[in-house]
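These notes concern the structure reproduced below.
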Protein chains: 4
Amino acid sequence: MTERRRGAVRSEKARVAILRATAAQLAERGWDQLTIEGIAADAGVGKPTIYRWWPSKSALIADALLEGALALPAPLPADTGDLRTDLVDWLEPTLRLTEDPESTALTRYLVAAAAEDAVVGHRLDEASPATRVLAERLSIAKARGELAPSASIELIVDALIGAFIMRALRRASYEPGQAAALVDAVLSEQQGSARAPD
Amino acid sequence: MTERRRGAVRSEKARVAILRATAAQLAERGWDQLTIEGIAADAGVGKPTIYRWWPSKSALIADALLEGALALPAPLPADTGDLRTDLVDWLEPTLRLTEDPESTALTRYLVAAAAEDAVVGHRLDEASPATRVLAERLSIAKARGELAPSASIELIVDALIGAFIMRALRRASYEPGQAAALVDAVLSEQQGSARAPD
Amino acid sequence: MTERRRGAVRSEKARVAILRATAAQLAERGWDQLTIEGIAADAGVGKPTIYRWWPSKSALIADALLEGALALPAPLPADTGDLRTDLVDWLEPTLRLTEDPESTALTRYLVAAAAEDAVVGHRLDEASPATRVLAERLSIAKARGELAPSASIELIVDALIGAFIMRALRRASYEPGQAAALVDAVLSEQQGSARAPD
Amino acid sequence: MTERRRGAVRSEKARVAILRATAAQLAERGWDQLTIEGIAADAGVGKPTIYRWWPSKSALIADALLEGALALPAPLPADTGDLRTDLVDWLEPTLRLTEDPESTALTRYLVAAAAEDAVVGHRLDEASPATRVLAERLSIAKARGELAPSASIELIVDALIGAFIMRALRRASYEPGQAAALVDAVLSEQQGSARAPD
DNA sequence: GATTAATCGAGACGGTACGTCCAGTCTTGGA
DNA sequence: TCCAAGACTGGACGTACCGTCTCGATTAATC
């Protein structure tokens, strides 16, 4: 009982080429300099083909995000059973990403897209698998009692990711070792344990 | 011993009108829809007058920020002597700002500008006096011993402001009362002490 | 064996509207005040559509000339068999055109365009069908022996048209009856014959 | 009974520099590309100094013409007593000027200026001393009976100069020897005499 | 010799048009 | 029916000059 009408069917090749081109052009030129025309040319596609399927530049980015074509090379939080260690071991290299110009640039472009478009904004936490895994890790911690029941996982994630984004926006350098201090600050539960100096 | 050359002098009236118009147009139409032409028309000024003094849209925003024409209606942290209380009392209404569409919109526009332009990014912490005062309050807290000497004030500010910005970007609603939980999480040092009921 | 590529085809409607608007604007405002922007607005067309097909203001005029949209209301030389009579009967009303402000203005605008642009210059003799017909009439005269074989038709045409243009440029009034004197002067061959009183 | 008010007097140095710069820029860049700004810069003068004394670009050209800063290197008609010889000897090298790109360019620029501005038009016959001398020579010829009393000197001059201008506008090459044919055509009186072939 | 007003250079001003780029829509012909 | 190609209207870009204006410095007639 296929509902397909007569005529050619949507070209998967074109769809993929467009999303790839979107990701490539975004990484290369940034949000502001991103043009549908450029994407069409890069993908070897006519402009109307893009407009037929996506209503806006931002919708393209949102889809490219979902497609995983735009993920940052961020590490994933592990689950060793020790929340503090896991978070520090994740946050430290994550913040170090701010030392990589390409990563900060891509971050800023995604933030710009999120700022302009609600759909991209809603999907901002999918910009990297790290965010999802981080939320899961915190969930588990809460279940295990590593985290107070009153803690808002959503807000903690926002604070950690937000700190990273703020560094990218402010073009601020990262001073190694600060990750531990932030995690300690965030995780009041950890207090009694020994703190790594600096 | 001024080196002033001969010739007509820069018009202060035009300068102010342009910055005001920039702020008004940004708040009204957003970063993407912001046009120099529109600003010029709004300010009653010729386009070349803008280009003579500012190299780009972003530079205009950066200056409008400095001029204080773009401040969010954010509360300022107080200093009652109790850091936790002060932070919660500041963070709660600040996060509540995310319920105001105009404030979140302006926040996103500023973030977009910061994402596109390094100068705006560097001045992002001046977007609101709140950021400055917050950093000062934390400094005082560190001096008083309310905060561990190893704590990175910069990173804590990034995390708190970042959390706010993330909510604005994600168009996430704020559930009242979470502020306290975040502050508690951030301020591990405070833990042992009695918590003033919010 | 057409080499036509795929894609939309040039809009004839736009082409005609642009040339018409060019002629109208030139006649109305003159060469100096002629703006591409004005033509585009008048023709209900985007500026890029004009720039896509014509490299300059002058090229537009040249095409409008070819299209016949800019012809002066000049009379045509007849062929009664008597060259002198034909020329006088043509030159007299032609020079009288200098009494019509619109005609002299259009003449000057065309001259200005020809002065600025080589293509318009090359087509200057097509500004009016009169020039072509005049050259033909002189050719016939030469074949018939009404004109010396050594006479340069090109130069005689230049002199006659040039005299007209000079009056237009000098804003000089025309004293009726002088046409006969000029023709007589030009047509030395006619001399011996009786001169019909004009 | 001097009406002079107190204060500095008009600077002759500036006046001359401006007219010189006008002539230089016109010859160099043409009418269309001629800018007051460029003239001011070239003359080392402020724009208002120009606007104070001349109402328009064309007025500048008109004055530069009068000042003799823009004369074509045209020969002058002589008076050997033989009108035909004198005219041929003048017209031949004059038409040959059309072989010199600089001369034709300057001619076209002056024509453009005359087309746009009535004052320049009225002074067009002063563009070169040749025009004046030519009219004088024809006057003398008429007095001597070399020219018919009914001949319109004004129109003959227009025809001869007009022929030259037409060549310049049409970017037409000049075929040597045609001058004699034109003069013969113009001077019906000369008819009986031998004509140089072609 | 001091006063004073017109002129000078410089250059900022509000504008207009430039010629270009891209947006988003529409049209055409091939697959 | 969808696709590529590309022409279309339209709007903003950043630049070049326009003609006016406002400066401080200079200059020369008048006091």
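Convention: sequence-line order gives letters A, B, ...; per-chain numbering from 1.
Where pairing requires Watson-Crick or G-U contacts shorter than 3.5 Å, the helical stems of DNA chain E with at least three consecutive pairs are E:1-31 with F:1-31.
A sub-4.0 Å separation between OP1 or OP2 of E/dA12 and a side-chain N or O of B/Thr49 is absent.
Here E/dT20 presents its P atom at 13 Å from CD1 of C/Ile50, a figure rounded to the nearest Å. Nucleotide E/dA23 holds its P atom 11 Å from the CG atom of A/Leu60, rounded to whole Å. One atom, OH of B/Tyr51, and another, C1' of F/dC17, lie 17 Å apart when rounded to the nearest Å.
With respect to B/Arg123 and B/Asp63, a salt bridge is recorded, a charged nitrogen being found less than 4.0 Å from a carboxylate O.
Residue contacts for A/Trp53: at a heavy-atom cut-off of 4.0 Å it reaches the sugar-phosphate backbone alone, with no base atom in range.
Summarising the geometry of A/Tyr109 relative to A/Trp31, their closest heavy-atom pair is CD2-N, 3.8 Å, with the distance given to 0.1 Å. Of all non-hydrogen atoms in C/Lys47 and C/Glu37, the two that sit nearest each other are NZ-OE2, 2.8 Å. The two atoms that bring A/Ile39 and A/Ala21 nearest to each other are O-CB, 3.8 Å, heavy atoms only. The shortest heavy-atom contact between A/Ala112 and B/Ala115 is CB-CB, 3.9 Å.
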Next on the checklist: Does C/Ile18 form a side chain to side chain contact (heavy atoms under 4.5 Å, CB included) with C/Trp54? I'd like the steps, not just the answer.
Outcome noted: CA-CA 10 Å; C/Ile18 290 167; C/Trp54 292 275; 3.7 Å; yes

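Under the 6.0 Å distance and 45° angle rule, B/Arg10 counts as a cation-pi partner of B/Trp53.
Contact check for A/Leu60 versus A/Ile36: side-chain heavy atoms found under the 4.5 Å cut-off.
Nearer to the 5' terminus of DNA chain E, by closest-nucleotide assignment, is the contact made by D/Arg52 (compared with the other of D/Pro48 and D/Arg52).
With hydrogens and angles ignored, a donor-acceptor pair under 3.5 angstrom links the side chain of C/Lys47 to the base of E/dG19.
For DNA chain F, the neighbouring residues in residues 11-46 of chain B, judged by any heavy atom under 4.0 Å, are B/Thr35, B/Ile36, B/Glu37.
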